[in-house]
Amino acid sequence: MDGGAGGARLRVTLLGAFQLARGDTELPVPGARLQALVVRLALAGGHAVEQSGLIDAIWAEDPPAGPAHALQALVSRLRRALGSAGDVAQFAGGYRLAVGAADVDALRFEQLTAEGRDRLRVGDPRAATAVLGEAVALWGDRPGAEPMVVAAVAPAVATRLAHTSIEAVADLADAELARGRADAAAARLAALLAEHPVHERAAALLMDALAAQGRQADALALYERIRERLADVLGTDPGAALRERHLRLLRA
C-alpha cells in the first residue's frame with residue numbers, strides 16, 4: 001500500500017504507548033474515540049472493517065443515537081488528522097486503513113512469533129533465535145501483560161497477544177538451548193517464571209537449562225518448588241513434561 005500525504009507509510013504502535021506516525025513524523029490523534037477507531041482499523045492490517053464492528057469497538061454498549069453518522073464524522077476527523085482522505089478508504093459497509101501487517105507493531109509481533117515457532121519446529125534454532133529475538137524485543141518488558149490500547153478496543157486480541165508474548169519468550173529460550181546457550185536461556189526463563197510462577201513449560205525448559213549448566217540439584221529443587229506452587233495455586237500436579245524431566249534427572 002502506498003503512503004498518503006508525502007508518500008511515507010503510516011505506522012501504528014499498539015504495544016506500549018499508542019502512536020500513529022507517517023514515516024518519522026508523529027501524527028496527533030486527539031480523543032479516546034478517535035484513537036479507538038485507529039486501533040480497530042490498524043488491527044485489521046489493511047483489511048476492511050464493517051461499520052458494526054467499528055461502532056462496537058468505539059462505543060461498546062453505549063452507542064450514540066445515530067451510530068452510522070457518528071462513525072462517519074469520526075472518520076472525517078481521522079482523515080483530517082492524517083492529511084489524506086485516501087488513507088481511510090470506504091468500502092461497502094466498512095472502512096480500511098492504509099497499513100499492512102508490517103506497519104502495525106502488534107501484527108508484526110504475531111508474524112515474527114509464528115515464523116520463529118515454525119523455524120524451531122523444523123529444526124533451525126539459529127534462524128528461530130534471530131526471529132524470536134526480534135519479536136521479544138518488539139514486545140518489550142512484561143510478557144503476559146495485555147496492551148492497554150488494544151484491550152480497550154479488542155479484549156480478545158489483547159488476551160491473545162499477551163499469551164503469545166509469554167510463549168515467544170519460552171520459544172526463544174528453547175531455541176537458545178538448542179544452540180547450547182544454556183546461560184542465556186536460564187536467565188530468560190528465570191525472569192519469566194518470576195512473573196508467571198506456574199508456567200509449566202517455562203519451568204520444564206529452565207530445568208533443562210540448569211541441567212545443561214551442570215546444576216542438577218538446582219533443577220530438582222526447582223521441580224519441587226513448581227510442584228508446590230501448582231498444588232497451592234491451581235490444585236493440580238505437574239504435567240507430563242515436568243514429570244518426565246524430573247524422572248530423567250533422578251535417573252541421572
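We're numbering straight along the sequence, starting at 1.
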Problem set entry | Candidate pair L34 and L74, rule side-chain contact (heavy atoms from CB on, under 4.5 Å), full reasoning | CA-CA 6 Å; L34 195 60; L74 207 58; 4.1 Å; yes
Exercise. Would a 4.5 Å heavy-atom cut-off, applied to side chains only, mark L37 and L71 as touching?
Worked result: yes
Exercise. Is D208 salt-bridged to R248, cutoff N-O under 4.0 Å?
Worked result: yes
Exercise. Counting heavy atoms not belonging to E50, are there more than 12 under 6.0 Å from its CD?
Worked result: no
Exercise. Hey, mind stepping through H47 and F91 against side-chain contact (heavy atoms from CB on, under 4.5 Å) and telling me if it holds?
Worked result: CA-CA 10 Å; H47 298 286; F91 289 85; over 6 Å; no
Exercise. Just wondering, are more than 12 heavy atoms of other shown residues or ligands nearer than 6.0 Å to CG in D232?
Worked result: yes
Exercise. For the residue pair L192 and A202, what are the closest heavy atoms and their distance?
Worked result: CD2-CB, 3.8 Å
Exercise. Sub-3.5 Å donor-acceptor pair from the side chain of R188 to the main-chain atoms of A173, do we have one?
Worked result: no
Exercise. Out of L205, L222, L220, which residue meets the side-chain contact (heavy atoms from CB on, under 4.5 Å) rule with L210?
Worked result: L222
Problem set entry | E200 side chain vs G239 backbone, donor-acceptor pair below 3.5 Å | yes
Exercise. Taking R243 for the side chain and P238 for the main chain, is one N or O donor matched with an acceptor at less than 3.5 Å?
Worked result: yes
For this session: Decide yes or no on side-chain contact (heavy atoms from CB on, under 4.5 Å) for T129 and R181, but give the supporting numbers first.
Result: CA-CA 11 Å; T129 300; R181 298 179 176 180; 4.0 Å; yes
Problem set entry | Side-chain (R77) to main-chain (P30) donor-acceptor, under 3.5 angstrom | yes
Exercise. When you check the gap from the basic side-chain N to the acidic O, do R117 and E167 get nearer than 4.0 Å?
Worked result: no
Exercise. Above 12 or not: heavy atoms from other molecules or residues under 6.0 Å from CZ of R142?
Worked result: no
Exercise. Do L78 and L41 come close enough that some side-chain heavy atom pair is under 4.5 Å?
Worked result: yes
Problem set entry | Short N-O contact, R227 and E224, less than 4.0 angstrom | yes
Exercise. With a 4.5 Å limit on heavy-atom distance, are the side chains of Y223 and L249 in contact?
Worked result: no
For this session: Kindly write out the residues that satisfy salt bridge (charged side-chain N to carboxylate O under 4.0 Å, His left out) with E134, not counting sequence neighbours, or none if the list is empty.
Result: R108
For this session: Could you state whether V136 and V131 fall into the same hydrophobic cluster, counting links through intermediate Ile, Leu, Val, Met, Phe, Trp or Tyr residues with side-chain heavy atoms under 4.5 angstrom apart?
Result: no
Exercise. If you draw a 6.0 Å radius around CZ in R160, do more than 12 non-hydrogen atoms from other residues or ligands fall strictly inside?
Worked result: yes
Exercise. Would R201 and D171 count as a side-chain contact (heavy atoms from CB on, under 4.5 Å) if you check the C-alpha gap in whole Å, the side-chain angles of each, and the deciding distance to 0.1 Å?
Worked result: CA-CA 10 Å; R201 184 182 175 215; D171 286 338; 2.7 Å; yes
Exercise. Which residue, T13, L14, L161, forms the side-chain contact (heavy atoms from CB on, under 4.5 Å) with P147?
Worked result: L161
Seminar exercise, completed: Shortest non-hydrogen pair, R119 vs A127, comes out as CD-CB, 3.9 Å
For this session: Quickly, which of L112, T113, L107 forms a side-chain contact (heavy atoms from CB on, under 4.5 Å) with F109? Name it, please.
Result: T113
Problem set entry | Heavy-atom closest contact (A128 atom, G116 atom, distance) | CB-O, 3.6 Å
Exercise. Of the non-hydrogen atoms in L132 and A168, which two are nearest, and what is the gap between them?
Worked result: CD2-O, 4.3 Å
For this session: Would you check if the side chain of D103 reaches a backbone N or O of G100 as a donor-acceptor pair within less than 3.5 Å?
Result: yes
